[in-house]
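Right, one structure below, let's go through it.
In this text the structure is predicted, and so the values were computed from the model without any measurement. Lettering follows sequence order; numbering is per chain, from 1.
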Amino acid sequence: MDNVLLFRFEIIIAALILMLLVMSLRDFNTKVTAFLGTMNVLLLVNFLIGWLPMYTGSYFSGFFRTTDLIVFEKNILNLGILLISLTSYQWLKKSEHRLEFYFLMLSSIMGVFVMLSSGHILMLYLGVEMSTIPIAAMSNFNLDEKRSSEAGLKLILSSAFSTGIMLFGISLLYGAVGNLSFDSVIANLHPDMLTLFAFTFILAGFAFKMSIVPFHLWTADVYEGSPIAVTNFLSVISKGSVVFVFLTILYQLFGGLKDEWLYAISILSILSMTVGNLFALRQQNAKRFLAFSSIAQVGFVLVGVAGASVMGSTSVVYFILIYLLSNIAAFGVIGAMADSTGSESLQSFKGLYKSNPFYALFMVVALFSLAGVPPVAGFFGKLFLLTAGMNSKLYVLLGFAGVNLVLSLYNYLRVVKYMFIDEAVTTVPPLQRNRQLTIALVTCTIGLLIIGFIPAIYQYIDQICRM
Amino acid sequence: MIVAKKELLIKSIALAGSSLQLVISVIITVLYVQLRQTGTTDQFLFQSSYVWFAPLKIYFSSGIDGISLAMILMTALVVLAGVLVSWKINKQVKEFFFLLIVLSLSAYGFFITTNLFVMFFFLELAVIPKFLLIGMWGSGRKEYSSMKLALMLMAGSALVFLGMIGLFYASGMQSWDIQDIAKLNIPIATQRVLYLLLFTGFGVFTAMFPFHTWAPDGHSSAPTAASMFLAGISMKLGAYGCLRVATYLLPGAAQELSWIFIILASIAIIYGAFATMMQKDLKYMNAYSSVSHVGFIILGIAMLTKVAITGAVMQMVSHGIMTALFFAAIGMIYDRAHTRQANELGGMLKQIPFIGTAFIISGLTSLGLPGFSGFVSEMTVFVGSWERAGIFYRGATILAAASIVVTAVYILRAIGFAIWGNITNKEFLKLKDATWSERTATVLLVVGILIIGLAPFLFVHLINLDTTTIYQKLISNVLVH
């Protein structure tokens with residue numbers, strides 16, 4: 001019984017998926033409000049159950065494992081899907097494919113959980129695939145829009161390509177080590193040529209998923225083409241979960257190659273931050289803007305990863321939690337804007353503070369968090385990443401991080417300027433409020449404002465990362 | 001009507017709050033002096049510490065010494081005056097005073113904390129309110145100026161933060177606390193790098209040459225109160241950091257490398273003075289003269305003698321109050337005459353004598369007339385600088401002293417054009433003199449100037465122990481390599 005409970009998260013998600021099937025048999029999903037309300041409640045319950053005490057250990061001879069850190073990561077992601085579901089309420093109400101959206105989202109999160117808990121590279125691969133394929137279907141959701149299908153196709157092709165590369169790396173690794181369970185890889189890893197090749201390919205595969213420069217080319221187009229809810233999911237859940245796994249891969253699996261990957265990571269980090277921020281400078285589409293901003297943010301995460309210490313993993317997990325809240329809030333506001341003005345252009349944000357002060361304030365907190373401006377949580381997240389990064393004494397990397405702090409501030413302040421300083425081109429009508437979106441935005445904003453002042457959160461992450 | 005009532009309420013709350021700040025800081029001063037008289041010799045008094053991020057050794061620890069106390073008093077005075085001067089703001093009142101209060105909070109936080117991370121937190125906290133204040137209530141090229149200011153300050157703070165992480169790692173990742181780091185013996189090679197990072201980073205905040213360019217643009221676009229805060233308080237955050245963090249914690253590198261900043265400060269003093277001569281706009285004039293005056297602070301800190309450091313701290317406070325008064329006076333004139341061009345004004349003393357007098361007093365303080373605070377503080381810097389023997393230091397001191405002549409030229413000219421003379425523009429005959437709030441603000445600031453100017457010994461007495469501590473640390477480290 002204990003061992004079955006190790007799968008608690010997965011079991012609940014599977015149960016939710018089954019419930020969805022039952023609902024579709026009963027045609028429950030046509031009762032829009034009731035269906036969406038039920039789903040939100042179920043996701044809330046799912047999130048709350050996640051906090052119940054949990055056994056840790058491994059099962060299936062090490063294929064599946066659970067630690068406190070993994071439980072915490074799953075909880076963060078559960079919070080993420082709940083908030084995404086709330087922010088996309090308005091869109092889902094209008095869409096015909098509500099049920100499919102939840103179905104695919106839950107399937108993808110199932111894959112993510114498997115990926116997080118994997119103790120064997122094949123299991124990991126399975127999880128990665130399982131989490132990506134539903135997203136490709138999701139990004140193709142606006143069926144009558146050409147760019148949405150384009151996004152879906154781009155995503156499926158690039159992810160097929162990247163998993164292919166990753167699989168190639170895995171097979172090389174098998175050749176080098178002779179066994180793919182994490183424990184034996186860790187035990188038998190030698191920095192020889194074959195292993196390095198294997199590592200490079202696996203790294204490239206993950207870099208695709210996290211859209212790290214130079215593997216980022218799909219990001220902007222897919223983000224722009226997909227419906228906002230899906231973009232939100234992609235940028236937050238998909239990216240965040242891969243970052244979590246990436247930590248395990250680098251710190252544990254390839255911990256023996258630290259001297260080698262340190263430089264690779266710093267180069268990728270410098271490229272991502274700089275390219276992401278430079279390309280974001282001139283974007284006018286809100287989704288493309290956030291796409292490049294998220295590329296830059298991952299670059300920052302890699303600064304912490306390059307710290308290669310407990311402080312590194314702590315600050316990365318902490319940062320992803322903050323990044324999740326900030327991005328969801330930002331996408332929530334963009335979604336509300338797109339719903340009522342039909343425009344996704346940043347220009348339509350001009351004068352927003354005068355017409356819709358509440359949305360402007362939510363947005364500004366999210367943007368300040370992404371930019372790392374105190375007292376919003378992103379400030380702490382970013383600075384802890386930098387502090388952790390100092391550990392490896394990669395001064396060039398830190399120098400670039402410093403430059404990028406300024407660049408990214410410009411990007412986000414540009415939007416703040418639109419909202420607070422500029423006069424509106426066409427006055428935005430007061431946006432429709434719906435309770436779900438407001439709840440989500442308020443949660444995110446309060447979270448962002450207080451996370452920095454609750455020391456217990458950081459302390460807890462530090463504690464579970466040490467184990 | 002409801003809106004108006006609410007506006008009045010907000011303003012009253014802001015006024016009450018800032019008066020309370022002043023009262024509290026005076027009370028703290030009294031307590032501090034009493035404690036010192038009973039013979040307490042701890043470096044920082046009123047110490048307290050709260051856990052913030054324990055795994056990273058970040059504690060919200062606070063402690064006050066004479067220097068920070070002086071800065072707190074100055075801040076309280078300028079904040080109160082700033083609130084009073086902004087009484088006429090009628091656009092987005094709530095936001096305006098909210099941002100002013102955030103700014104003042106960040107300044108207090110910065111001055112009272114002894115933890116470097118917390119210090120940085122407050123330093124950064126002050127950047128965005130400035131951006132919004134200039135952007136939302138400013139005039140002229142406000143978008144450009146506010147963005148430039150925010151980005152340059154962010155660049156400065158990035159340098160500061162890298163330096164601070166360096167100090168954290170130098171302590172073996174054990175502490176961010178100034179008192180702990182001061183006990184360390186950091187290798188000189190590390191010191192050099194960190195000193196340059198920190199001094200330059202804080203220097204950006206101080207508008208040190210060549211990183212001063214945000215200041216003139218920022219001031220010229222900012223609303224009056226924001227200008228007062230910017231020049232009066234924010235620039236002093238940087239100067240305080242240069243002294244307390246860069247110089248005090250890295251004495252070896254300071255001995256070796258402070259010549260760089262002496263050169264930059266000398267250039268700033270001369271360049272600022274001459275640039276001021278070229279300006280017609282009163283705000284630009286005061287902004288450039290601030291660059292020049294802040295040069296004295298940097299010079300005093302970089303000279304590394306006890307008297308020079310005392311002078312630098314005095315100049316921080318003196319310039320803070322003086323420049324606030326100057327900007328207040330300019331703002332009052334601009335509100336009425338709707339121009340800041342010196343040659344378009346004229347005869348202000350006849351029409352609006354109170355404001356004209358305020359302008360003259362701040363001008364005379366700025367050029368260093370004995371009796372006002374500018375004279376004693378600049379004099380102390382010069383005397384302290386002269387203690388450093390050597391042709392280089394003497395040369396810098398002479399250059400700096402010579403700039404006073406230029407200062408006198410531009411100040412007197414501005415006063416001559418704008419304040420004295422006959423009223424040239426008929427429109428100006430309708431102008432009304434200062435309101436009660438403006439009068440109160442002016443009187444407060446003038447009192448501050450006079451206290452320092454007439455009784456500098458009180459001030460020196462207040463900070464004596466702390467400048468001695470800093471100086472001891474500086475000379476004790478000369479031979480450690």
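- With a threshold of 4.5 angstrom between heavy atoms, B:Leu151 approaches chain A through its backbone and through its side chain.
- Chain B forms the most heavy-atom pairs under 4.5 Å with one residue out of A:Gly399, A:Ala371, A:Gly452, and that residue is A:Gly452.
- For the pair B:Ile128/A:Leu413, a side-chain contact is recorded, criterion being any heavy-atom separation below 4.5 Å from C-beta on.
- The CG atom of A:Asn391 lies 11.0 Å from the CD1 atom of B:Ile165; values are rounded to the nearest 0.5 Å.
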Report task. List the steps and the verdict of side-chain contact (heavy atoms from CB on, under 4.5 Å) for A:Val416 and B:Leu132. Result -> CA-CA 9 Å; A:Val416 175; B:Leu132 289 174; 4.1 Å; yes
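- Interface remark: A:Phe453 contributes backbone and side-chain atoms alike to the contact with chain B (heavy atom separation under 4.5 Å).
- Looking at B:Ile58, the atoms closer than 4.5 Å to chain A (heavy atoms on both sides) all sit in the side chain, from C-beta outward.
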Report task. Kindly indicate, with the supporting measurements, whether the criterion side-chain contact (heavy atoms from CB on, under 4.5 Å) is fulfilled by B:Phe120 and A:Leu383. Result -> CA-CA 10 Å; B:Phe120 182 73; A:Leu383 293 188; 3.3 Å; yes
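- What you find for B:Leu125 and A:Pro375 is that their closest heavy atoms are CD1-CD, 3.5 Å.
- For a residue to count as touching a neighbouring chain, one of its non-hydrogen atoms must lie under 4.5 Å from one of that chain's; by this rule A:Phe379 touches chain B with the side chain only.
- Side-chain polar atoms of B:Gln92 and A:Tyr353 form no donor-acceptor pair below 3.5 angstrom.
- Taking B:Met164, B:Glu95, B:Lys142 one by one and counting their heavy-atom pairs under 4.5 Å with chain A, the maximum is reached by B:Glu95.
- Contact of B:Phe117 with chain A is made through the side chain alone, with heavy-atom distances under 4.5 Å.
- Interface residue B:Met147: only side-chain heavy atoms are found under 4.5 Å from chain A.
- Heavy atoms of A:Met311 lying under 4.5 Å from chain B belong exclusively to its side chain.
- Going from atom CZ of B:Phe53 over to atom CZ of A:Phe384 covers 4.0 Å, rounded to the nearest 0.5 Å.
- Looking only at side-chain heavy atoms (C-beta outward), B:Val193 and A:Tyr395 stay at 4.5 Å or farther from each other.
- More than 12 heavy-atom neighbours from other residues, nucleotides or ligands sit within 6.0 angstrom of CZ on A:Phe72.
- Taking each heavy atom of B:Phe131 and A:Lys417 in turn, the nearest pair found is CZ-CB, 4.4 Å.
- Counted within 6.0 Å of CZ on B:Phe60, heavy atoms from surrounding residues, nucleotides or ligands total more than 12; the atom is thus considered enclosed.
- At a threshold of 4.5 Å between non-hydrogen side-chain atoms, the residues A:Asp422 and B:Glu143 count as touching.
- Between the B:Tyr169 side chain and the A:Thr387 main chain, a donor and an acceptor come within less than 3.5 Å of each other.
- A:Tyr458 has its side chain out of reach of B:Trp52: every pair of non-hydrogen atoms, C-beta onward, lies at least 4.5 Å apart.
- Interface check for chain B: of the options A:Ala401, A:Gly372, A:Pro455, the most heavy-atom pairs under 4.5 Å are formed by A:Pro455.
- Environment of OH in A:Tyr460: crowded, with over 12 heavy atoms of neighbouring residues, nucleotides or ligands closer than 6.0 Å.
- The two residues B:Glu124 and A:Pro374 come nearest to each other via the heavy atoms CB-CG, 3.3 Å.
- Contact annotation for A:Ile457: neither backbone nor side-chain heavy atoms come within less than 4.5 Å of a heavy atom of chain B.
- Of all non-hydrogen atoms in B:Ala158 and A:Gly402, the two that sit nearest each other are CB-O, 3.8 Å.
- At a 4.5 Å heavy-atom cutoff, the contact between A:Ala388 and chain B is made by backbone atoms alone.
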